[in-house]
Amino acid sequence: MSRVLSAAGVAFEAEADVLIVGAGAAGLVAALAASEAGAEVVVVERDAVPSGSTALSAGLIPAAGTRFQREAGIEDSPQLFAADIMAKAEDEPDPAIVAHLASHLGPVLDWLAVAHGLPFNVVTNFSYPGHSARRMHGLPKRTGSELIDRLREAVEARGIPILTEFRATTLFVEETGRIAGIAGTRPGGGEERIGCKALILACNGYGGHRGLVARHIPQLAEALWFGHSGNEGDAVLWGEALGAELVHMSGHQGHGSVAQPHGILISWATVMEGGFQVNVRGERFSDESHGYSEQAATVLAQPKGKAWTIFDERIAGIARQFEDFRQAEAQGAIVRAQDMAGLAAALGFTEPRLAATAAVVAALKGGEDSDRFGRDFRNAPDLEAPFCAVRVPGALFHTQGGLRIDRTGRALRPDASALPNLFACGGAAVGVSGPHASGYLSGNGLLTAVCLGEIAGREAARLTASASQTEP
């Protein structure tokens, strides 16, 4: 239930300068930034423990020109990063916002590392599709849950309260359009009301709201939902009721690499390092290297909506740096065999085409022919026994459409005027992927979560300080 009601006559049991809905990466980074800027901050979170979509991801944040890249000998720049974002999304996103985020995220990671002890380093042994440089920054375990835990610890160290198991249901708005506060429910029953000077929506997108998905992304209406259950579109519904502009609502991150039925994210290194995907007939069906986001709908279009990623032990060794992959191995999601015929039998294929498909891929790697799907295999090593496979469906991870924002994270109306004190970040705000799954550049989700989180938190604190100075 996402309601917007009049603030007239409403009394609040508690007050905050900056109130944040959602304790994923966006909300926690916003809390740190707002607190350091001098604001009194309260975070509300519907779950018992902060997690969000971040905890389901690999926790990798793309940033350019960082000291971590320099330490690894990687040359990169914010300008190149911005160009990669725009190229992947076919120039659909706001170029000014993209340039701003691409130049700002590096310093944000430096701040999190120096001020809050997050030990980032760069993934250096494989490249993600669409990135011109290796710029994925992660923590040692390469998991989103590790990122969330470290951010939560930093927030708690500053004494910022996180009210867990608080389900925000209602925004109270004044006649001027200013948000006066929110109401929410706790497990014990009853309603609690918290007033604020500025509100930050960091409660992600609408991927968990099947009705909104069917409306805006009908091709994924039946996809596996691999996002967080709390992504029910609260920010979208509140923003719509407040007159905010919603843009690129069909934009999303799909994923063509989630182990099924285990529900574990499998690194796209399994594809980018020379692996390939086949359908139930053992046949390839696409250029897998375009990206894992658009691959979700491609997999869903295959017979029975199923596919298998085929790779080898060398690639498994690269993927093993990710804890998720190690968990997938431990749970038996990765099937192995000494030859392709044995792998096909282990996967239950009834048609002996996998070996022929693998032979064609080997020829492509040798430069003997051109791929009919357009993929360039020439720099990829041949697969060698033992061979590996994992079953993957088409999955929806999170949405990329949302509230239009300005450079400060303020929510905008269709006439480009800003709502008085409403900010959005992470999946609540429109992302930088445009309206199509193919526009999603790896890491775009955490890009807007972490970078916009810092911007929105700092700017919300500045707004509340300014408001306090003008009060009689």
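No experiment lies behind these values; they were computed from the predicted model shown. Reckoned from all heavy atoms, side chains included, excluding hydrogens, waters and symmetry mates. We number each residue from 1, following the sequence as shown.
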Backbone of Thr408 reached by a side-chain donor or acceptor of Glu459 within 3.5 Å: no

For Thr270 against Ala319, the heavy-atom pair lying closest together: CG2-CB, 4.3 Å

Distance in Å, Leu199 CG paired with Trp238 CH2, rounded so as to fall on 0.5 Å steps: 8.0 Å

Gap separating the CD atom of Gln331 from the NE2 atom of His262, nearest 0.5 angstrom: 6.0 Å

Donor-acceptor pair, side chain of Ser103 and main chain of Ala99, under 3.5 angstrom: yes

Ala102 backbone acceptor or donor facing His104 side chain under 3.5 Å: no

Minimum-distance pair of heavy atoms, taken over all atoms of Phe285 and Ala307: CZ-CB, 3.8 Å

Any side-chain heavy-atom pair of Leu112 and Val450 under 4.5 Å: yes

Check: Ala221 main-chain N/O paired with Arg210 side-chain donor or acceptor under 3.5 Å: yes

Partner residues of Glu323 under the salt bridge (charged side-chain N to carboxylate O under 4.0 Å, His left out) criterion, sequence neighbours left out: Arg326

Aromatic plane relationship, Trp268 with His255 - under 30° parallel, 30 to 60° tilted, over 60° perpendicular: perpendicular

Glu294 backbone acceptor or donor facing Ser438 side chain under 3.5 Å: no

Atom NZ of Lys141 with >12 non-hydrogen neighbours under 6.0 angstrom: no

Phe325 backbone acceptor or donor facing Arg320 side chain under 3.5 Å: no

Contact check, side chains of Leu151 and Val29, non-hydrogen atoms, under 4.5 Å: yes

Taking every non-hydrogen atom, the tightest pair across Val21 and Ala168: CG1-CB, 4.1 Å

Heavy-atom side-chain contact between Trp308 and Leu354 under 4.5 Å: no

Flag side-chain contact, heavy atom, 4.5 Å: Leu403 against Leu246: yes

Pairwise distance CG(Leu265) to CD(Gln327) - rounded to 0.5 angstrom: 11.0 Å

Residues Arg167, Glu232: salt bridge by 4.0 Å N-O rule: yes

Verdict with reasoning, His252 to Phe397, per side-chain contact (heavy atoms from CB on, under 4.5 Å): CA-CA 8 Å; His252 63 279; Phe397 197 19; over 6 Å; no

Leu147/Leu118 under side-chain contact (heavy atoms from CB on, under 4.5 Å): CA gap, chis, key distance, verdict: CA-CA 8 Å; Leu147 178 60; Leu118 273 69; 3.9 Å; yes

Contact check, side chains of Leu28 and Ile162, non-hydrogen atoms, under 4.5 Å: yes

Within the 6.0 Å centroid threshold, strictly below: Tyr440 and His398: yes

Within 6.0 Å of CG in Asp415, more than 12 heavy atoms from elsewhere: yes

By ring pair (Phe, Tyr, Trp, His ring centres under 6.0 Å) - contacts of Phe311 (at least two apart): none

Point-to-point distance, once rounded to the nearest 0.5 Å, from CG of Asn204 to NE2 of His228: 9.0 Å

Listed partners of Arg284 passing salt bridge (charged side-chain N to carboxylate O under 4.0 Å, His left out), at least two apart: Glu288, Asp371

Side-chain H-bond candidate by donor/acceptor type, Gln277 with Ser286, under 3.5 Å: no

CD/Glu90: more than 12 non-hydrogen atoms of other groups inside 6.0 Å: no

Gap separating the CD1 atom of Ile179 from the CG atom of Leu19, nearest 0.5 angstrom: 10.5 Å

Side-chain donor or acceptor of Ser293 paired with backbone N/O of Gly254 under 3.5 Å: yes

Under 3.5 Å donor-acceptor, Glu92 side chain and Ala89 backbone: no

Contact check, side chains of Leu101 and Ile455, non-hydrogen atoms, under 4.5 Å: yes

Gap separating the OG atom of Ser145 from the CZ atom of Arg152, nearest 0.5 angstrom: 10.5 Å

Steps toward side-chain contact (heavy atoms from CB on, under 4.5 Å) verdict (Thr309, Ile266): CA-CA 10 Å; Thr309 302; Ile266 301 296; over 6 Å; no

side-chain contact (heavy atoms from CB on, under 4.5 Å) between Val430 and Ile97, worked out: CA-CA 11 Å; Val430 61; Ile97 295 291; over 6 Å; no

Beyond-backbone contact of Gln321 with Phe126, side-chain heavy atoms, under 4.5 angstrom: yes

Donor + acceptor pair across side chains of Arg353, Thr357 (<3.5 Å): no

Closest contact, heavy atoms only, Glu75 versus Ala133: O-CB, 3.8 Å

Heavy-atom closest contact (Ala269 atom, Ile318 atom, distance): CB-CG2, 4.2 Å

Least distance between heavy atoms, Ala37 atom then Ala461 atom: CB-CB, 3.5 Å

Test item: side-chain donor near acceptor, Ser433 and Gln400, under 3.5 Å: yes

Presence of salt bridge, Asp376 and Arg378, under 4.0 angstrom: yes

Side chain proximity check, Pro62 to Ser442, heavy atoms < 4.5 angstrom: no

Asn421 side chain vs Lys197 backbone, donor-acceptor pair below 3.5 Å: yes

Check: His209 side chain, Leu212 main-chain N or O, donor-acceptor pair, under 3.5 Å: yes

